[in-house]
Amino acid sequence: MERYNFKITEKKWQEYWAKNKTFSTKIDKTKKKFYCLEMFPYPSGKIHMGHVRNYTIGDVLARYKSLEGYNVLHPMGWDSFGMPAENAARQNMLSPKDWTESNISNMKMQLKRLGLSIDWDREISTCSSEYYKHQQEFFLELYDKGLVYRKEQYVNWDPVDQTVLANEQVIDGKGWRSGAIVERRKLNQWFFNITKFSSELLKGLENLDQWPNKVKVMQKNWIGKSFGCEVEFKIENSSNLNSISCFTTRPDTLFGMSFLAVSVDHPLSKFYEDDEKFKEFKKQCSTTGTTEESIANAEKIGFKTELIAINPLDNNLKVPVYFANFVLMEYGLGAVFGCPAHDQRDLDFALKYKLKVTPVVSPELNKEKFKIQDKAYTGPGYICNSSFLNGLKCPDESIIKTIEYLENEKLGTKKINFRLKDWGVSRQRYWGCPIPIMYDAEGKAHKVPKEMLPVELPNINRLEPTGNPLDKEIKWKKVSLNGKNYVRETDTLDTFVDSSWYFLRFCSPHNKNYGFDFEEAKYWMPVDQYIGGVEHAILHLLYSRFFMQALSYKNNNLNLKEPFKGLFTQGMVCHETYKDPENNWISPDEIEIKNGEKVLKKDNSIQIKIGPIESMSKSKKNTIDPEKIINTYGADSVRLFILSDSPPEKDVQWSEEGIISCFKFIQKLWSLHLKISGEIEEKHKKDSGTNLIKFTHQFIKKITDNLNNFSYNVIVANLHEMYSILSKEMANEYTRETIVENYKKILIAVMPIIPHFSNECLSLLGTRDNIKWPNYDKVIIEEDFVNIVVQINGKKRGLIKTKKNIQEDIILENIKKEKNIMKHLNNLEIKKKIYIQNKLINIIV
RNA sequence: GGGCGAAUGGCGGAACUGGUAGACGCGCACGACUCAAAAUCGUGUUUCGCAAGAAGUGAGAGUUCGAUUCUCUCUUCGCCCACCA
C-alpha cells in the first residue's frame, strides 16, 4: 500500500498557502473578528520546542476560528533587540544587525515548516527603524503627557568593563564577564510613570475574566496595594529635623511602639555622612548576601542615633531612633515605627537591642497581662494597654478608629500605598531603541523634534568589550539644530518597551504616520486570545497593560484600556536527562536503545544513567531540535505529539516513543483514507447510515467542545477513537455517498490539528475551497438507548440498558429479572429509591 | 516568611454543573504473519483473589442515597513573591 509522503504533501500545501495568501487578512466589518496572538519570539538562532508548542497551540485556535467563519488576525514578528545579539556580536566580531537578521530568516523558514496559518504580510521586527521610529514617537507622546521623567537611580556597575550590568549578569556580587566586584553607582535614568495607573491596573484585573486566576493574583501582589496611614513623629532633640513621617498599616498598635527605624538612604542620613561609625554601619548593611532569600533572612542590625521620637498619641512615650538595615527607602517613606509585640521582625530587633516590648493586642478581651516571649502575636483580638483605644476590636475596628482619631487631631493622614515602582527604561546598551532625547550645553534634556525621527542606531560592526558603544559614537552623538549644538542621549530603551505595543502594530504594520491606524486598531483590538509562557505573567503583561493606559490617557480616539481579553499560559516542554558514568550530561541524540536498554551510540557497552525529567535546557543537554524532528516525522506528527499527552497549560514530556507513535498514527489515518476513498463498491447499499451519522455528529461536538476548553490533549484521544470506530464502521454496508459525506466532515474537524493531512485528503475527495466548520445536530446526537446504573446502598451492582426517558417502575421490573442484581437485594425490604432519569437508580435496603 | 496551585495504574493523563473511576496514548505481556528479525495486525493490562467477590483517586474527618469532584484539618510536591512597615 502507498505510504503517506509527508515530505511532498506538506511542502505542497505550504507553498499553496503562501501562493494563494490563504491567511492574509483585511478589515471586514461584515464579519466578526478574532485576534489570535502568540508571544513573539526573540530571534536567538533556531526555534526550540517551546516555540513549537506555543505556536501550535495558537495555530490550532486560529485555524478553528477561521473555519468557524471569523475574520482571523494571526500575525508573527520578532522581538529582535536585546543583549544576546550584542554578546554574539562581540564574540564573533560581527554586527548585531547581521546576526539578528540571519537568525530571523532561518527561524522564519523553520516556523513556516510547521504549517502555521500566519499572515506573513504583517511581519514586523522591533529592531527595524520602521518599528522603533513609532516607539520614539510614543516616548515623546508620553513625555508630553507628563508620564516620563528623569531621576537618579542605582545601577550595577562593572568597574573593569566600564559598563552597567543587568541583575542577571551579576553573579555572587561579581560581573559575569570580568569577574570584578560590582559597584553600586548612581546614574540619571529615564522612567515611565507606571505608578500613576496603580489603581487602574489593579482594578482592571477584575474584568479580565478570561485570564488565569494565577496571573491575576501575581499581578495583584506585584502592584501590592495596602491601606493605612502616614503618621508624623516629632523629634525632640534635633537641630536639623523637626519630625519623621512613617507609613503604617497598623496605626492601632502605636501605643506598643518602642523604637523608630529609618533606612540608611533616608534624608536623615545626610546629617551622618561624616560619622565614621555610621559609614561603617552602612558598609556592613551592603555586604549582607546577594540572593533575595538571604536578604530576607539576614540578621536585623541597627545604628542608634541620639535622637528621640515622640509618640503622637501620648507625648510622654519617647523612643530612640535607629538606622536599620531592614527598612527600605523604596517603599513607603523609608521609615517605620517598631511595635515588637506584634511584628516578628520588630521583635527580633527589639530583643537584640534590649528595647521594651509592650503588648497592645490581646487575643481575649480584658487580658492585660498577656505576655510576649520570642514570638510576636499577629492574630486578631482586642486592643489593650492603649489608653483610649482599649477594648477596640482588632484589626477591623481598631485600625479605622485610630486613623479617624489621627486625622481629627491632625497627627496623620489616611493613605493608600503601592508596592509597584516606576518603570526605569534606560539601558546602557547598544542594541536597543535609541531614546529620542538630546541635551544642550547646560545638560538640559530636550525632545528630538518629531520630524527628525527616527533617531537611527548607527551601524557598528565591531563592538568594543568595554563601555557603552553609543557613548563612543562621537559623530552620531552630535546634533545641530537652529544653530545650537546638542548631544544625544546614549542610553537605549528597555526591550520590554518594544514588546509593550507590538500587538497594536500588527493591526496596521505598514502605517507610516503613527504606530498604528486608529480605525484598524478599533476593529482588531483587543487581542482575543493571547498565548505564551507564564514567565511573562508579571512584567511583560503589566507593561503592556500600562502602555494601553498611557496611550489612551488624554486621548479620546482610543477607548481601550486592556490589550488582552483572553490569556492562556502554556507549560514547558520537558525531556528525560541522561548522564554517562562520569556524570557528564548526554544528549538524547547520542543515545540509542539496544535490547530495551539506553546505551551510548558510539560505544554500546556504556550504559546511561537516566535522570529526572526536566524542562529542556542547553546546559542539561536534554533539548530536541524541532527542525530535525520535522524532517524525520513531518509537521503534522510534531503538531499532534506536542498537543497530546498533557493539557496545554501543564508541562509536557517529549519522548522518542511518543513522536514515533504519532507518526505511525498518521500513517494509519492515511491507510484508512485510502480504504474510504477507493474501495467502496456500490453494490452495498443496505444500511441507511444512522450509526455513522450519529458518530460523526458526536465527534464534531466533542472536538468543538474540547477546542473551546483548550483540552487539546483530549482531542488527540478523540482522533484515536475516531480511527478505531471508522475502521469498524467500514465493515457496514453504507453507500459511498454516506461514507464520504461524513468522512469529509470529520476531516474538517481535524484540520486545526493536522492541517496538511486534512487538506490533502479533502482535496483528493474534491474539496478545496470554502471549507466551513461542520455543525452538529443535537437531535441526531441523542442516544435512543441508555445504560442505567443500578446501585444498591450506593454500590454499583449492575447496568440495565433501556429506552430513553423510561418510568421508574418499568426499570424496577427489569431489575427484578436480573439475578446478579437481585442477589444483592437479598429479599430485604426496600426503604428508599433514588431515581435519576436516564442515569441511575439507587435502592436503599 | 507570605501567596497560589497540584496530588488518580508501571508512566503521561481522562471523567460535563456530585451519578458506571482509569477514556486515549506510552510501556509491558501474550498471540498471528515470518526461516528469522523489523514493521504490521489482534488480545490483555488498577490491586488482591483460582473464583464469587473485595479494596481503590496523597492521609484523616464531614456533608450526601451517592464524593476524584463540595467543606475542614494535615502531609508531600511545584510555581510565584519576598526585610513591603
Side-chain angles (χ1 to χ4, degrees), chain A residues 1 212-222 224-226 228 231 246-251 253 261 263 288 291-300 324-328 330-339 343-346 348-349 378 417-420 534-535 537-538 571 574 596 613 640-641 644-647 649-653 655-658 660-662 664-665 667-668 671 702 705-706 709 711 713-724 787-799 820 823-824 831-836 838-844:
Chain A
M1 202 181 336
N213 203 41
K214 174 175 65 168
V215 174
K216 287 192 278 188
V217 170
M218 278 157 82
Q219 290 217 352
K220 194 177 159 199
N221 292 339
W222 190 259
K225 181 179 175 172
S226 50
V231 187
C246 300
F247 173 75
T248 177
T249 55
R250 294 300 304 275
T253 62
S263 158
T288 44
T291 67
E292 269 141 358
E293 198 190 344
S294 70
I295 292 168
N297 299 331
E299 198 189 358
K300 318 300 173 228
N325 64 339
F326 61 84
V327 184
L328 307 171
E330 300 89 62
Y331 185 79
L333 299 164
V336 297
F337 80 80
C339 175
D343 182 296
Q344 191 57 45
R345 192 193 49 199
D346 292 350
D348 294 344
F349 190 83
T378 53
N417 223 332
F418 293 95
R419 205 194 72 110
L420 185 68
V534 73
E535 66 272 19
I538 298 175
C574 302
I613 296 153
L640 194 61
F641 181 52
S644 66
D645 277 3
S646 289
E649 69 274 16
K650 295 217 320 194
D651 288 354
V652 68
Q653 191 198 338
S655 72
E656 188 74 8
E657 295 87 348
I660 290 173
S661 126
C662 287
K664 286 180 185 167
F665 180 60
Q667 293 295 342
K668 282 190 192 176
S671 58
K702 275 189 201 167
D705 290 350
N706 287 328
N709 295 330
S711 302
N713 55 324
V714 185
I715 293 182
V716 178
N718 297 151
L719 295 198
H720 284 278
E721 285 166 348
M722 179 272 287
Y723 170 80
S724 103
N787 284 321
I788 291 182
V789 179
V790 183
Q791 291 187 341
I792 291 167
N793 290 335
K795 274 197 175 164
K796 180 189 160 196
R797 293 300 182 189
L799 276 178
N820 280 336
K823 74 177 178 193
H824 292 282
K831 288 182 188 148
K832 197 176 170 185
K833 286 170 297 200
I834 294 110
Y835 177 54
I836 314 288
N838 300 329
K839 273 199 175 151
L840 169 142
I841 184 160
N842 191 2
I843 300 166
I844 312 300

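A quick note: this is a predicted structure, and the numbers were derived from the prediction, not measured. Basis for what follows: all heavy atoms, side chains included, without hydrogens, waters or symmetry-related copies. Proteins come first, then strands; the chains are lettered A, B, ... in the order of their sequence lines, and each starts at number 1.
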task: Under 4.0 Å between any heavy atoms, over every strand shown, what does A:Val534 touch: base, sugar-phosphate, or nothing? Just pick one.
output: nothing
query: Quick one: A:His720 NE2 to B:rA14 P, roughly how many Å, whole number?
result: 15 Å
message: Return a single string for nucleotides 43-48 of chain B, one symbol per nucleotide in 5' to 3' order, where B is base contact, S is sugar-phosphate-only contact and - is none, cutoff 4.0 angstrom on heavy atoms.
response: ------
message: If I pick the P atom on B:rC80 and the same atom on B:rG62, what distance separates them, to the nearest angstrom?
response: 38 Å
task: Could you tell me the separation between the CG atom of A:Asn709 and the P atom of B:rA14, rounded to a whole number of Å?
output: 12 Å
query: When all nucleic acid strands are considered with a 4.0 Å heavy-atom cut-off, which category describes A:Ser646: base, sugar-phosphate, or nothing?
result: sugar-phosphate
- request: Identify whether any heavy atom of A:Gln791 sits under 4.0 Å from a base atom; if not, whether one sits that close to sugar-phosphate; answer base, sugar-phosphate or nothing.
  value: base
message: Is the shortest side-chain heavy-atom distance between A:Val652 and A:Asn713 below 4.5 Å?
response: no
field: A:Glu535 CD to B:rC4 C1', straight-line distance once rounded to whole Å
entry: 17 Å
task: Sticking with atom P, work out how far B:rU76 lies from B:rU68, rounded to a whole angstrom.
output: 24 Å
- prompt: Expressed as a whole number of Å, how far does the C1' atom of B:rC72 sit from that of B:rC24?
  reply: 36 Å
field: Stem list, RNA chain B (Watson-Crick or G-U pairing under 3.5 Å, at least 3 consecutive pairs)
entry: B:1-7 with B:75-81, B:10-12 with B:24-26, B:27-32 with B:40-45, B:46-48 with B:53-55, B:58-62 with B:70-74
message: Rounded to whole Å, how long is the line connecting atom NZ of A:Lys796 with atom P of B:rA54?
response: 12 Å
field: Whole-angstrom distance between B:rG18 and B:rA67, as gauged at atom P
entry: 13 Å
task: Determine the Euclidean distance between corresponding P atoms of B:rU47 and B:rA23; express it in Å to zero decimal places.
output: 13 Å
message: What's the gap between B:rC48 and B:rA61 when it is taken at their C1' atoms, as a whole Å value?
response: 27 Å
- request: Verify the contact: side-chain N or O of A:Lys839 to OP1 or OP2 of B:rU20, cut-off strictly under 4.0 Å; return yes or no.
  value: no
- prompt: Is the phosphate of B:rC84, meaning OP1 or OP2, less than 4.0 Å from a side-chain N or O of A:Arg345?
  reply: yes
query: Distance between the C1' atoms of B:rG2 and B:rG9, in whole angstroms?
result: 37 Å
A:Asn417 side chain vs A:Ser226 backbone, donor-acceptor pair below 3.5 Å: no
task: Indicate, with a heavy-atom threshold strictly under 4.0 Å, whether A:Ile844 touches base, sugar-phosphate, or nothing.
output: sugar-phosphate
- prompt: How is A:Asn842 classified with respect to the nucleic acid when contacts are heavy atoms under 4.0 Å: base, sugar-phosphate, or nothing?
  reply: base
- line: By nearest-nucleotide position on RNA chain B, the 5'-leaning member of A:Asp645 and A:Lys668 is A:Asp645
field: Close side-chain approach of A:Phe337 to A:Thr253, heavy-atom, < 4.5 Å
entry: yes
- request: Answer whether the closest heavy-atom distance between the side chains of A:Asp346 and A:Phe326 falls below 4.5 Å.
  value: yes
task: Answer syn or anti for B:rG56, where the cut-off is 90° from 0 on the glycosidic torsion.
output: anti
message: So A:Ile841 and A:Ile834, do their side chains get closer than 4.5 Å, heavy atoms only?
response: no
- prompt: Roughly how far apart, to the nearest Å, are B:rA21 and B:rU69 at atom P?
  reply: 14 Å
message: For a quick check, tell me whether the side chain of A:Lys214 and the base of B:rC80 share a donor-acceptor pair closer than 3.5 Å.
response: no
field: Side-chain heavy-atom pair A:Gln791, A:Leu840 within 4.5 angstrom cut-off
entry: yes
task: Please tell me which of the listed nucleotides, B:rC24, B:rG25, B:rA54, lies nearest to the side chain of A:Glu721?
output: B:rC24
message: Within the 4.0 Å heavy-atom criterion, would you say A:Lys833 contacts the bases, only the backbone, or no part of the nucleic acid?
response: nothing
